[in-house]
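Contents: one structure, followed by commentary.
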2 protein chains.
Amino acid sequence: MKLSEAKQQFIQSWGVLGSQWGINRSMAQVHAILLVASKPLSTDDIMEQLNISRGNANMNIRDLIDWGIVEKVIIPGDRKEYFSADKDIWRVATRIMYQRKKKELDPMLKVLNQISDVEGDKRNADIKAFTETVDSIKRLAGHADKAMEMMIKAEENWFLNSFMKLLK
Amino acid sequence: MKLSEAKQQFIQSWGVLGSQWGINRSMAQVHAILLVASKPLSTDDIMEQLNISRGNANMNIRDLIDWGIVEKVIIPGDRKEYFSADKDIWRVATRIMYQRKKKELDPMLKVLNQISDVEGDKRNADIKAFTETVDSIKRLAGHADKAMEMMIKAEENWFLNSFMKLLK
DNA sequence: CTGAATTTTCAAAATATATTGAAAGATTTG
DNA sequence: CAAATCTTTCAATATATTTTGAAAATTCAG
């Protein structure tokens, strides 16, 4: 398979995957194209290769930067801004999960805490069913939090390991 | 807080959370209402409490059943079908992840395997950038697979543990 | 087998989300 | 500082997804 063809396939699939997980297709594709680029790309490069508008490209690049998985690169003597994606895929995964946890899981947890004590007799079947379910979700969320932390720790180790290799 | 109020809050939040993760709001809400119900509900109960149409209720109930997290309950002497959600939230989580892995991650992996050997000189910077990224994603996917398996194993243990408690 | 009760389907309508493009805002250069 | 270049914003538009509701299909009791 030719490189250009393989890249297209990758960008396509990454876009589909993203859209199924609540990340819009363009954003996933912008990320994909930066992931497989051998050098930083400008907004125009991205617009041209993905056939998207300037506004679209710009917004999605900003969001990726906010997520901490893409960074701006200044090329001396060029007025354009260039962008490159973090190629450490493990770090990318943990960053994305962390962002989404913060924006989506944590609000849910807040609600769970608010609703977990309801008025009335604890022996009432309705109340029992409700509190048991809510409590078990809270417990699961706690485990998920632990797992996240574990992964971030593992990432630090991975990073440290790479660093050690460089020094040897 | 009153039980009815707490339930409403829960259904609402569960719906929002679902929609952010690529599960449509109605489906998440149908799941939520069944999760906190103390007894099986009919399609009419669900329609009424969520203010959704019969078609919508029906489709989403079917999908939840296909995911293996809701089951049909027959109440003798009643022609209506009733439904109840699996209350073991850990099992629910692993089922959902497994379904999504199968439908969404596995196709991505298939593409990654197809595109991971490209024609041309391996020392070429473009080709190197591409294959390294693709390979690292494949490696991450491998880890994710392992983690999934681990969780399913843990689920079996949990289940076994609950069973043991019952016997004591 | 009949007909009432219930479930399923799916085209049309409603809603929600993403994209465009041009104007406004910044930034840099000479 | 004026002009050129580049970036950002956002209302309008386009696209995608979800929901409805009524008709068709199925199920079941008598």
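These numbers come from a predicted model, not from an experiment. Quick note on labels: first sequence line is chain A, next is B, and so on, each numbered from 1.
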* Asked: Do A:R79 side-chain and C:dT27 base share a donor-acceptor contact under 3.5 Å?
  ->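 Flag set: donor-acceptor pair detected.
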Rounded to whole Å, how long is the line connecting atom [atom1] of [X] with atom [atom2] of [N]?
| X | N | atom1 | atom2 | value |
| --- | --- | --- | --- | --- |
| B:D63 | D:dT17 | CG | P | 15 Å |
| B:I52 | C:dA13 | CD1 | C1' | 17 Å |
| B:R54 | C:dC10 | CZ | C1' | 16 Å |
| A:N56 | D:dT15 | CG | P | 13 Å |
| B:R25 | C:dA16 | CZ | C1' | 10 Å |
| B:D66 | C:dT8 | CG | P | 11 Å |
| B:N51 | C:dT15 | CG | P | 14 Å |
| B:M47 | C:dT6 | CE | P | 12 Å |

**Request:** Could you verify whether a donor N or O on one side chain and an acceptor N or O on the other, from B:S116 and B:K138, lie under 3.5 Å apart?
**Result:**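 Indeed, the side chains of B:S116 and B:K138 share at least one donor-acceptor pair under 3.5 Å.
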- What nucleotide, of C:dT20, D:dT20, C:dT7, holds the atom closest to the side chain of B:S53?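 From the listed options, D:dT20 comes nearest.
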**Prompt:** Between C:dT7, D:dT20, D:dC10, which nucleotide gets closest to the side-chain atoms of A:M59?
**Reply:**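 Output: D:dC10.
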**OP:** Could you tell me the separation between the CG atom of B:N56 and the CZ atom of B:R25, rounded to the nearest 0.5 Å?
**Re:**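 If I round to the nearest 0.5 Å, the distance is 9.5 Å.
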Notebook entry, point to check: Measuring from B:K7:NZ to A:D126:CG, what's the distance to the nearest 0.5 Å?
Noted result: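 Answer rounded to 0.5 Å: 5.0 Å.
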Next item on the list: Identify whether any heavy atom of B:D78 sits under 4.0 Å from a base atom; if not, whether one sits that close to sugar-phosphate; answer base, sugar-phosphate or nothing.
Entry: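 Nothing: the residue B:D78, judged by heavy atoms under 4.0 Å, touches no strand.
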When you check the phosphate oxygens OP1 and OP2 of [N], does a side-chain N or O of [X] lie under 4.0 Å from one of them?
| X | N | answer |
| --- | --- | --- |
| B:N58 | C:dT7 | no |
| B:S26 | D:dT19 | yes |
| B:R62 | C:dT8 | yes |
| B:N24 | D:dT19 | yes |

The single option from A:H31, A:Q9, A:Q29 passing side-chain hydrogen bond (donor to acceptor under 3.5 Å, both in side chains) against A:W14: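 Output: one option passes, namely A:H31.
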Q | Face-on cation placement of A:R100 at B:W21 ring, 6.0 Å and 45° thresholds | A |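 So A:R100 does make the cation-pi contact.
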